[in-house]
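Structure first, then comments.
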Amino acid sequence: MLESGFLDEIFISIQGEGIFCGARQVFIRFALCNLKCAYCDTAASRELKDSFFAFQKKKLRNPVVVSEIIKQVKACRGKVHSVSLTGGEPLVQGAFAVSLARALKRSGFKVYLETNGTLEKALKKILPYTDHVAMDIKLPSTAKVNGLWKKHAGFLKAAGKKAFVKIVVGDGFSVPELRKALRLCKNIKTVIQPRFGADIPGLLKKIEKSGVLDTASDIRFVPQIHRFMGIK
Ligand code: SF4
């Protein structure tokens, strides 16, 4: 097990996406990502920093050891819904993510993994120490990344009942792609999330008109609420 890795930030906030919208979480933001989505607004996905801040006050050096992270977050036990491993893409540093998730579980936290749904091998290793998997399905027409359908399908199957899915749609998204994504999500809670800055009423109208919402009952349409609250 790799006991150290590169982080970008540790902070506490309100989850603004997905089916746990509104839940208070500790966010552990991992550095690096294996994708380059057109709408990515996370500098952490591209850079490795020498140091980072925990809760905006404690400066820590990278690579940081798991025991130091636990020391920083343990005061939050019993005060948050869960700890979100986010990024970047946490599974890019797979062995480190597994060590951290295991240590968090041993410390009494629920672990919530936010992932782009492409690194199935790494998922299988972290899954025993994970309570919730918030997985993205990337529509090529919005994310501008291609060739992920097979990876998403395998990942979703491996994640099983722990997974819910988030699909970001932007202006100009493709209805056939959204339909294809929803077919992958049969019997899985799914959130269609309008891209920040997009024409939300226009997107909803296009989605309603397309009939894709009739294909399953467990679909929600939810924008990123943290953007409206002015928090990160
Ligand atoms: S998967 Fe997430 S972190 Fe990675 S490039 Fe896409 S939006 Fe950014």
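As the structure lists them, so they are numbered: ligands from 1, and atoms in each ligand from 1.
A donor-acceptor contact under 3.5 angstrom links the side chains of E89 and T115, judged on distance only. Looking at D50 and N62, their side chains never bring a donor and an acceptor atom within 3.5 Å of each other.
Proximity to G88 (heavy-atom distance under 4.0 Å) selects the following atoms of ligand 1: 3 (S). Atoms of ligand 1 lying under 4.0 Å from any heavy atom of N116, numbered from 1 in the order shown and given with element: 1 (S). Heavy-atom contacts of C33 reach the following atoms of ligand 1: 1 (S), 3 (S), 4 (Fe), 5 (S) (cutoff under 4.0 Å).
Note on C40: counted as a metal contact of atom 8 (Fe) of ligand 1, an N/O/S atom lying under 2.8 Å.
Of the protein's non-hydrogen atoms, the one nearest atom 6 (Fe) of ligand 1 is C37 SG, 2.3 Å. Of the protein's non-hydrogen atoms, K138 NZ, 4.1 Å is the one closest to atom 2 (Fe) of ligand 1.
A salt bridge does not link R46 to D8: none of the charged side-chain nitrogens sits closer than 4.0 Å to a carboxylate oxygen. Under 4.0 Å is where a charged nitrogen must lie from a carboxylate oxygen, and between K166 and E17 at least one such pair does.
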Inset, instruction - Could you go through the salt bridge (Lys or Arg N to Asp or Glu O under 4.0 Å) check for K162 and D131 one step at a time? - result: CA-CA 6 Å; K162 290 183 179 176; D131 298 281; over 6 Å; no
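Put simply, part of L35 is less than 4.0 Å from ligand 1, judged by heavy atoms.
Not less than 6.0 angstrom separates the ring centroid of F53 from the ring centroid of F11.
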